[in-house]
Structure formats: C-alpha cells, structure tokens
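Remarks on the structure that follows.
Each chain gets a letter, A, B and so on, in the order its sequence line appears, and its residues count up from 1.
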Number of protein chains: 2
Amino acid sequence: MMPIQDALEALNGKWKLLIISSISLGNNRFKEIERSIPKISSKVLAKELKDLENNKLIKRTISDYSSVLTEYTLQPHAETLKDVLIALRDWGKLHRKAIIDK
Amino acid sequence: MMPIQDALEALNGKWKLLIISSISLGNNRFKEIERSIPKISSKVLAKELKDLENNKLIKRTISDYSSVLTEYTLQPHAETLKDVLIALRDWGKLHRKAIIDK
DNA sequence: CAGAATCCTTCGCGATACTG
DNA sequence: CAGTATCGCGAAGGATTCTG
C-alpha cells in the first residue's frame with residue numbers, strides 16, 4: 001500500500017503525469033509543453049515544472065544567456081515512469097469506451 | 001495524450017487508486033477500507049466511493065435491510081486498472097529509494 | 001520566449017458531531 | 001456498522017498583467 005501512496009504523492013495533481021508524458025513525446029520547451037497540454041496555464045506549468053525538478057524527475061537546462069532557450073528533459077528516474085504512463089493510457093482508452101462514449 | 005487525461009480525470013485526487021487497491025486486497029466493507037487507508041476520513045471515503053460507483057469502477061451491494069452489511073467490489077472495468085497499480089507500486093518503490101531515503 | 005507577480009475563486013479535504 | 005451534516009481552512013488553479 002505504501003509505495004502506491006508514495007508514488008501518488010510525488011505525482012499529485014492532475015498535471016504532472018501529463019507534463020512528463022509531453023516531455024517524453026519530444027516537447028522540451030516551455031511553450032511546447034504548454035501548447036501540448038490543453039487548459040494548462042503558464043503559472044501552473046511553471047509551478048509543476050519546479051515540483052518535478054525538485055523531485056528529480058526532470059532536468060532544467062538553460063543554454064542561453066537570455067534564458068530564451070531553456071529546455072526540460074526527463075531524468076532517468078522518470079523514464080521508469082513510462083510503464084505507468086503506458087498502463088494509464090491503455091486504461092484510459094478502455095475507460096473512454098466504457099464510460100464516456102456509450 | 002487524451003487517454004491519459006481521461007484516466008487522470010476518473011482517478012483524480014489522492015484516494016481513488018488507494019481505495020481500489022484496498023478493495024482488490026480483500027477489503028470489502030466500509031470500515032475495512034477505512035482502516036486500511038491511513039488518514040482517510042469517513043466523509044472523504046464515502047464521497048470517493050460514490051464517485052467510483054458512478055464511474056462504474058466499483059459495485060455497492062447492500063445485503064442487509066439495515067444496511068449494516070454493505071459490500072464494495074471491483075467491477076471488471078477496474079480489474080484492468082491493476083496494471084496501473086502494479087506499475088505505480090513498482091515506481092513508488094524506486095522513488096522512495098531515490099528521493100525519500102538518501 | 002520563459003516565466004514572475006498579483007488577485008481572486010473554487011474545491012479538496014480535515015475535524016467534529018450526529019443518525020438509522 | 002455505514003454512513004450524513006456542518007463548518008472551515010489552505011492549497012490548487014484561473015485570469016490578467018508585467019518583465020528580462
């Protein structure tokens with residue numbers, strides 16, 4: 001039971017897994033991520049990115065003096081989350097069939 | 001992306017997956033579930049159980065006129081969530097090692 | 001572009017007490 | 001036992017504006 005609780009705590013909120021998924025799909029810039037996730041605001045995105053960075057799930061790299069080229073990449077530790085994402089995505093499809101569509 | 005969002009929406013909050021996990025471990029009565037999840041309150045549990053029922057993830061069965069024998073069981077549709085739970089639990093262990101312990 | 005600042009509203013959730 | 005009823009706080013999140 002406890003490991004699940006640990007995981008849920010690190011991934012709390014409705015955004016973190018989506019952000020990780022987005023980055024893993026090749027969106028590495030702030031605006032790219034923002035555009036890839038419908039309805040997220042820049043404020044929330046900034047905050048979630050910090051959380052993820054603190055939890056060592058992503059890495060922030062500033063490769064430009066003017067900070068216009070900040071990039072976010074997954075840490076190895078987040079790579080292992082892909083199994084979760086896959087399972088979640090598979091279930092999401094089933095769920096949509098079962099509930100949302102009729 | 002969207003299926004993940006669907007899944008996250010159905011499983012929102014920090015309790016639903018824990019509840020499903022608990023039921024899958026054999027806790028079928030209200031009090032059993034409550035006791036198995038540290039820190040959850042009866043109010044929150046009642047509300048989450050309703051949500052899960054509405055989403056057809058669990059089934060509520062009253063087998064006594066005085067409602068003292070209510071039981072909660074997983075719907076087939078929730079069984080497919082076990083892959084998510086397994087992935088999450090595996091990752092939770094890693095995460096604990098990586099972050100929480102030093 | 002990549003955010004920070006501010007203001008404001010909603011909501012998850014806890015605490016406590018009560019009911020059939 | 002299996003919940004319901006109230007109260008209330010703090011955090012999450014939306015909208016908008018601003019900055020280097």
Interatomic distance, Ile33(B) CD1 vs dA2(D) P [rounded to whole Å]: 9 Å
N or O in side chain of Arg29(B) less than 4.0 angstrom from dC1(D) OP1/OP2: no
Under-4.0 Å side-chain N/O to phosphate OP1/OP2 contact, Arg60(A) with dG3(C): yes
Value in whole Å for how far the P atom of dC1(D) lies from CZ of Phe30(B): 11 Å
N/O donor-acceptor pair under 3.5 Å between Asn28(B) side chain and Tyr72(B) backbone: yes
Between CD1 on residue Ile20(B) and CD on residue Glu79(B), distance to nearest 0.5 Å: 10.0 Å
Residue pairs involving residues 7-41 of chain B (criterion ring-ring contact (aromatic ring centres under 6.0 Å, His included); sequence neighbours excluded): none
Distance-minimising heavy-atom pair for Ser24(A) and Leu74(A): CB-CD1, 3.7 Å
Below 4.0 Å: OP1/OP2 of dC1(C) and any side-chain N or O of Tyr72(A): no
Matching residue for Ser21(A) among Ile23(A), Leu25(A), Leu17(A), Leu18(A) - test: side-chain contact (heavy atoms from CB on, under 4.5 Å): Leu25(A)
Length of the CG-P vector between Leu45(A) and dA4(C), whole Å: 11 Å
Nearest-angstrom distance from the residue atom CD1 of Ile62(B) to C1' of dG20(C): 13 Å
Salt-bridge present (Glu32(A), Arg35(A); N to O < 4.0 Å): no
Nucleotide-resolved protein contact map, nucleotides 5-20 of chain D, B/S/- at heavy-atom distance under 4.0 Å: -BB----SBBB-----
Atom pair distance, as rounded to whole Å: CD1 in Ile19(A) and P in dG3(C): 12 Å
Atom pair distance, as rounded to whole Å: CG in Leu49(B) and P in dA2(D): 11 Å
